[in-house]
K.L.:
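This is the structure I have questions about; it appears just below.
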Amino acid sequence: MGMLIAFIVVLFWLGHLVYLLSPWSPDPISFAGAPHILLQAYLYTGLFITAHDAMHGTVSPSKMVNRIVGTAASLLFAGLSYKKLKKNHFAHHMYPGTEKDPDYCVKSQNFLVWWGCFMFRYATIWQIIFMGAAYNILNIRAPEIKLWFYWIIPALLGSFQLFYFGTYRPHRKPHTPEMGIHRARTLKKNHFAAMLSCYFFGYHLEHHEKPGVPWWKLYAEKKPNSEL
């Protein structure tokens, strides 16, 4: 089931992107283009969460399949290094909300400062080279305005969504006793809001407690008295 879910998420992201960069897609600077930008940003979020599930081995029982899916999803998202993502993410689970947590900013709780630190820690020179090459290749057939509004901006919006619901809100201070050793809180709204906001990833305390549960099953682990 995990492999099928991953395939559907990647297929939807890729299919929608191909359409958006085609001559038949609407003008991105129009009312018709705006919903597509938001949808593609949401699909980018799903793409990263697919890579995240691969890190935890929930896409497939096979380590090789998880590595292949995770690597592909990471590259498609923004040329990210799956190896570095996995290393940092496991450190995040081991030392959440501390100076040893690569996803946590001990110097500032300001959203933009923390997001900047978060992005910097995952950036690599190979990512810049990969994205630059991909941009120039795509620009052969797609106009720059579509690349910016349908490829680059949705990826940035997706990163904001992931950071806000998956790192900033769950792990920001104050760290209360209810957050436990994971220093994580969780979304208290209904399942529809949780799915729309970040593929149930807002159920963050539950994820830290049971990292082997895939995103599409996290709703079943929701604690009724949890709060984000």
Side-chain angles (χ1 to χ4, degrees), residues 2 4-54 59 69-70 72-80 111-112 115-116 118-119 122 127 130-132 134-170 186-204 207 214-219 222 228:
L4 177 61
I5 296 291
F7 177 77
I8 291 172
V9 171
V10 175
L11 186 64
F12 265 83
W13 174 86
L14 182 60
H16 194 235
L17 180 62
V18 169
Y19 165 69
L20 292 177
L21 297 183
S22 74
W24 304 283
S25 63
D27 183 345
I29 310 179
S30 68
F31 286 112
H36 286 286
I37 295 172
L38 295 177
L39 174 58
Q40 191 63 10
Y42 187 72
L43 293 174
Y44 261 107
T45 301
L47 191 65
F48 186 90
I49 288 179
T50 297
H52 165 267
D53 271 14
V59 170
V69 171
S74 301
L75 282 174
L76 291 173
F77 185 86
L80 294 168
F111 176 84
L112 291 177
W115 180 77
F118 179 84
M119 296 292 286
Y122 284 96
Q127 176 191 20
F130 177 86
M131 294 303 290
Y135 181 91
N136 283 283
I137 292 171
L138 291 172
N139 193 215
I140 295 173
R141 300 297 298 271
E144 283 189 308
I145 191 168
K146 285 191 174 182
L147 287 177
W148 275 97
F149 281 88
Y150 287 150
W151 185 53
I152 297 174
I153 291 177
L156 287 172
L157 291 175
S159 73
F160 263 88
Q161 184 178 14
L162 286 160
F163 174 72
Y164 184 72
F165 289 102
T167 299
Y168 179 71
R169 288 194 67 179
T186 203
L187 189 72
K188 70 174 182 178
K189 298 186 181 299
N190 58 45
H191 294 328
F192 176 77
M195 177 62 186
L196 189 63
S197 63
C198 203
Y199 295 75
F200 300 129
F201 207 49
Y203 295 160
H204 210 73
H207 167 61
W215 70 263
W216 46 276
K217 285 186 176 181
L218 269 177
Y219 73 91
K222 172 72 187 325
L228 180 62

K.L.:
Return yes when atom OH of Y135 has more than 12 non-hydrogen atoms of other residues, nucleotides or ligands closer than 6.0 Å, and no otherwise.
P.N.:
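Check passes, neighbour count above 12.
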K.L.:
With respect to L21, which candidate in R141, H16, K146 satisfies the side chain to side chain contact (heavy atoms under 4.5 Å, CB included) definition?
P.N.:
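The single option meeting the side chain to side chain contact (heavy atoms under 4.5 Å, CB included) with L21 is K146.
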K.L.:
With Y199, which of L218, D53, I49 fulfils side chain to side chain contact (heavy atoms under 4.5 Å, CB included)?
P.N.:
I49
K.L.:
Return yes if some donor-acceptor pair links the side-chain N/O of K222 with the main-chain N/O of N190 below 3.5 Å, else return no.
P.N.:
no
K.L.:
Do other residues, nucleotides or ligands put more than 12 heavy atoms under 6.0 Å from the CZ atom of F12?
P.N.:
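No, because the 6.0 Å sphere around CZ of F12 holds 12 heavy atoms or fewer from other groups.
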K.L.:
Are W13 and Y44 an aromatic pair, judged by ring center distance below 6.0 Å?
P.N.:
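Close enough - the centres of the two rings lie under 6.0 Å apart.
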K.L.:
Looking only at heavy atoms, which two atoms of A194 and L187 are closest? And how far apart?
P.N.:
CA-CD2, 3.4 Å
K.L.:
Using the ring centroid of each side chain, check whether Y164 and F201 are separated by less than 6.0 Å.
P.N.:
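Not under 6.0 Å, so no.
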K.L.:
Hey, what's the ring geometry for F163 with F118, parallel, tilted or perpendicular (30° and 60° as the breaks)?
P.N.:
tilted
K.L.:
Is the side chain of Q127 donor-acceptor paired with the backbone N or O of A78 at a distance under 3.5 Å, no angle test?
P.N.:
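Yes, Q127 side chain to A78 backbone: donor-acceptor pair under 3.5 Å.
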K.L.:
Are more than 12 heavy atoms, taken from residues, nucleotides or ligands other than Y19, located less than 6.0 Å from that residue's OH atom?
P.N.:
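Atom OH in Y19 is crowded, with more than 12 foreign heavy atoms closer than 6.0 Å.
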K.L.:
Under a 3.5 Å distance rule, please check whether T186 uses its side chain to pair with a backbone N or O of G202 as donor and acceptor.
P.N.:
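Side chain of T186 to backbone of G202, a donor-acceptor pair under 3.5 Å: yes, one is there.
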K.L.:
Does the ring centre of W115 sit less than 6.0 Å away from the ring centre of Y168?
P.N.:
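No, they do not, as the ring centres are separated by 6.0 Å or more.
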